[in-house]
Number of protein chains: 4
Amino acid sequence: MRTKNKHTKEKIIENALRIFAQEGFFKTTVDDIAQAAGIAKGTLYLYFKDKASLYVSVIEEHFKVGIKYLNEVQKEKMTNTAKLQKIADNWIDYMIRLKSSFFMFSMENVNLSSKIMKAVKPIMNVYLKKMIDIIARIIGQGIKTREFRKIEPRIAAVHFLNTIRTGFFVTFITPERFVDKKILLDLFFKGLKQRR
Amino acid sequence: MRTKNKHTKEKIIENALRIFAQEGFFKTTVDDIAQAAGIAKGTLYLYFKDKASLYVSVIEEHFKVGIKYLNEVQKEKMTNTAKLQKIADNWIDYMIRLKSSFFMFSMENVNLSSKIMKAVKPIMNVYLKKMIDIIARIIGQGIKTREFRKIEPRIAAVHFLNTIRTGFFVTFITPERFVDKKILLDLFFKGLKQRR
Amino acid sequence: MRTKNKHTKEKIIENALRIFAQEGFFKTTVDDIAQAAGIAKGTLYLYFKDKASLYVSVIEEHFKVGIKYLNEVQKEKMTNTAKLQKIADNWIDYMIRLKSSFFMFSMENVNLSSKIMKAVKPIMNVYLKKMIDIIARIIGQGIKTREFRKIEPRIAAVHFLNTIRTGFFVTFITPERFVDKKILLDLFFKGLKQRR
Amino acid sequence: MRTKNKHTKEKIIENALRIFAQEGFFKTTVDDIAQAAGIAKGTLYLYFKDKASLYVSVIEEHFKVGIKYLNEVQKEKMTNTAKLQKIADNWIDYMIRLKSSFFMFSMENVNLSSKIMKAVKPIMNVYLKKMIDIIARIIGQGIKTREFRKIEPRIAAVHFLNTIRTGFFVTFITPERFVDKKILLDLFFKGLKQRR
DNA sequence: GATGAATGAGGGTTCATTCAT
DNA sequence: AATGAATGAACCCTCATTCAT
């Protein structure tokens, strides 16, 4: 198959996402990705300058998909509470399928070589902020409709993302246990305190 | 130099914690740690079988300190709300000092070679559960005293840890911004929802 | 684009000469040459078996041009001294334009893989000897006309080529300095010794 | 032999000189050098930052030895003519032994990656100028003693180096022929022209 | 003839681990 | 107990060469 396969780049990103997510940046070898994508090692370098660039591309791709999804949900006709519930549900399921809370909720993955760090951090920040913005907008709407109480929406948004992550996290470390996503969301929405 | 080498092991763990936390498992070299600890590379292997063992030891040590701290707070004379506030405050500050939410809140770091993964995961789980237990006990007490509403204490405990992580996370991605820990704790305690 | 592809081979050699001369055999990539020649990489292999063959072809072409030039000068009507002066002048200028004393004066470039070495050395030797012969003939003529003293003409010819090279060399390593070609030629012609 | 062998660095440089000289920078692999030096590939990197640094070190070492030799000859009690003769004799023999006119007389070797070029060129220039200075001093002395005619000594020095190179060059391209060094030096001293 | 995507062997470099001192 | 020079497997990346279109 010597003709430029239009899907080669997609195939690489697809497989790279999965492997990076499960193995991390360093444990993943370029060979691993190439083999998974069914191409030769050198071919990968026709599409990406180096391993770090591929990593950045994977992150970008991943974030774009996430943001697109968030935007779609945001536009739907439902209460803002329902929107957050839907997002949390789908996302936790997605992460469980991927076997990783890769990216979105883990800056730790970026505890990489400073070389990569420098490339990845600003990109991640931009996308992260976009995601937080969309969620903050949903929360802002909810404040207007009196679904939610008055609170800084961006902080609440970050807290929401972390709550989602927790949902995955609990499942991941204790696979035997069924994560009651509802209880977590309930906590997020109602808080721990006794109502007086 | 030969006098108090009984502390060699501690020196290694201390420095390894800092470096692993900031650089991650792979980026950290055995050389880095040995140099930081002021010993020769070979010496490190007198105390630890290999790099992975050191990593595991560091995690164990780290968790032990954390658990000891939690136990101390738990015994103090104050409301359970105050206890959680104190824990969150100190922990967020600690993570900011360490420049990492390493370990406790990031299984992602363990997205490492499966070799390490296999060694670390069960150990982490044991300690994590201990930590969750202590916090769950505080929350359980709070439920008895009617500070908190009736909710599965262990889930609430996980959510609490996650809230702490959020505090660090916000600082980390937006270093310019002062993290208002009060708002976060407020969210944790009261939830997002409007009280009716 | 399809019209005058009869010149493709020439275009390749032309550009290869320039790039090989400035970058050397290894630093030059087949891609560099193909791009400079405005053709696809694969096309190059329609005209040359491999990179080494191209290199050999370039050398041959280069030598042929040089020998043709020498032959022309040799036939001109002027003193043999003037002929050598003209050759030296033009050659140094040519090398400065090419930014390289490539080939002619540098067997070192041929300190390459033995694979290439084996192919290039005999070819170079043949051409080198032809060049030396022509110059030796000029010198021989000069001996007959008593312009030059009796000396083995071929050794003098090699010395002449190296003198030319020195002219370029000095310019190349000390670009700030104007090379006084006359002084060098004067040294070549009259020697260092005091005349008694 | 795990103890730091004081001679390891010397062994590396020694072998690297020989191989670089015969094969050139690119054809020479780090493995080649390591094997020739009887060490592991990684060991080489304990002593040199990278291949380019090793190359630079080899050049420096080589030049230092050459300059030391020149200084010794310069101090000897003999005519300046004899000094130049001695230098030329020994040098040509040395190059023939090394099978290369590497370095001293070949900037071409530096037609390398610009990365190396940038590192090597200024270093070479410094040493080259030192060598030229020493020879120019000998020639300057010779002018004072009326051995040599009045001529810019530095230009004459460059021409002298070039003459030496010619000596090697002739041997290299026509191995069958015994290089008559006397004829070459005679050309250098007396020039090509007929004395009138 | 021409193309350029794909290949994969080969080389530079890193670094966990060993072991003679 | 401590050292640190030496090792070599492993990994990233390059680039000459091929071949389906």
Side-chain angles (χ1 to χ4, degrees), chain A residues 1-6 8-9 26-34 37-54 113, chain B residues 1-2 5-6 8-9 25-35 38-54 113, chain C residues 1-2 5-6 8-9 26-35 38-54, chain D residues 1-6 8-9 26-34 37-54 113:
Chain A
M1 193 172 311
R2 295 293 171 131
T3 310
K4 176 141 187 172
N5 187 334
K6 272 175 280 189
T8 301
K9 194 170 184 174
F26 287 107
K27 176 77 191 325
T28 301
T29 68
V30 172
D31 242 350
D32 290 342
I33 295 171
I39 57 166
K41 205 170 17 167
T43 307
L44 196 147
Y45 287 88
L46 296 177
Y47 295 93
F48 302 94
K49 194 180 130 292
D50 52 21
K51 193 185 173 187
S53 300
L54 171 57
S113 84
Chain B
M1 193 69 76
R2 299 271 167 149
N5 44 24
K6 12 181 174 174
T8 301
K9 194 167 185 175
F25 181 78
F26 287 105
K27 177 81 191 322
T28 300
T29 67
V30 173
D31 241 350
D32 290 342
I33 295 170
Q35 271 181 40
I39 57 163
K41 211 173 4 172
T43 307
L44 197 148
Y45 283 85
L46 297 176
Y47 294 93
F48 302 94
K49 192 179 132 290
D50 52 23
K51 193 184 173 187
S53 302
L54 171 56
S113 82
Chain C
M1 193 71 74
R2 299 273 168 148
N5 45 23
K6 12 180 174 175
T8 300
K9 194 167 184 174
F26 287 106
K27 176 84 190 318
T28 300
T29 67
V30 173
D31 241 350
D32 290 342
I33 295 170
Q35 272 181 38
I39 58 162
K41 209 172 10 171
T43 308
L44 196 147
Y45 283 86
L46 299 174
Y47 295 94
F48 301 94
K49 191 180 133 290
D50 53 21
K51 193 184 174 188
S53 302
L54 171 56
Chain D
M1 194 173 313
R2 294 291 170 132
T3 309
K4 176 140 190 176
N5 186 333
K6 273 174 277 188
T8 301
K9 194 169 184 175
F26 287 107
K27 176 74 193 326
T28 300
T29 69
V30 172
D31 243 350
D32 290 342
I33 295 171
I39 57 166
K41 202 163 31 158
T43 306
L44 196 148
Y45 286 88
L46 297 177
Y47 296 92
F48 302 94
K49 193 181 132 291
D50 53 22
K51 193 185 174 188
S53 300
L54 171 57
S113 82

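Per chain, numbering begins at 1; letters A, B, ... match sequence-line order.
- Remark: C1' of E:dT18 and CG of D:L46 are 14 Å apart, rounded to the nearest angstrom.
- For B:D50, counting side-chain heavy atoms from C-beta on, the closest listed nucleotide (F:dT7, E:dG1, E:dT17) is E:dT17.
- Listed nucleotides: F:dT3, F:dA2, E:dA6. Nearest to the side chain of B:A40: F:dT3.
- Under 4.0 angstrom from either OP1 or OP2 of E:dA5 there lies no side-chain N or O belonging to A:Y47.
- Annotation: cation-pi geometry not satisfied between A:K51 and A:Y45 (NZ/CZ under 6.0 angstrom from ring centroid, within 45° of ring axis).
- Nucleotide E:dC15 holds its P atom 8 Å from the NZ atom of B:K51, rounded to whole Å.
- For F:dA6, one of the phosphate oxygens OP1 or OP2 lies less than 4.0 angstrom from a side-chain nitrogen or oxygen of D:T8.
- Separating the CG atom of A:D31 from the C1' atom of E:dT7 is a distance of 13 Å, rounded to the nearest angstrom.
- In this structure, D:F26 atom CZ and E:dG10 atom C1' are separated by 15 Å, rounded to whole Å.
- The separation between D:K27 atom NZ and F:dT14 atom P is 22 Å, rounded to whole Å.
- For the pair C:Q35 CD and E:dG4 P, the interatomic distance rounds to 11 Å; values are reported in whole Å.
- If you check E:dG8 for Watson-Crick or wobble pairing at under 3.5 angstrom, you find it paired to F:dC15.
- The side chain of A:T29 has F:dC12 as its nearest neighbour among F:dA6, F:dC12, E:dG11.
- Judged by the 6.0 Å distance and 45° axis criteria, A:K27 is not positioned over the aromatic ring of B:F25.
- At whole-Å resolution of the value, CZ in D:F48 and P in F:dA6 are 12 Å apart.
- Atom CG in B:D32 sits 10.0 Å away from atom NZ in B:K41 (nearest 0.5 Å).
- Between the side chain of B:K41 and the base of E:dT17, a donor-acceptor pair under 3.5 Å is found.
- Distance CG/B:D50 to CG/B:L54: 9.0 Å, rounded to 0.5 Å.
- When heavy atoms are screened at a 4.0 angstrom cut-off, C:T28 is found touching the sugar-phosphate backbone but no base atom.
- Each of D:I39 and A:Y45 lies near DNA chain F, and the nucleotide nearest D:I39 is the one positioned closer to the 5' end.
- B:L54 has its CG atom 16 Å from the P atom of E:dC15, to the nearest Å.
- Of the residues near DNA chain F, D:L44 and C:T43, the one whose nearest nucleotide (by heavy atom distance) lies more toward the 5' end is D:L44.
- Across all strands shown, the partner of E:dT21 is F:dA2, judged by Watson-Crick or G-U wobble contacts whose two distances both fall under 3.5 Å.
- Taking every heavy atom of both residues into account, D:L44 and D:I39 meet most closely at N-CD1, 3.9 Å.
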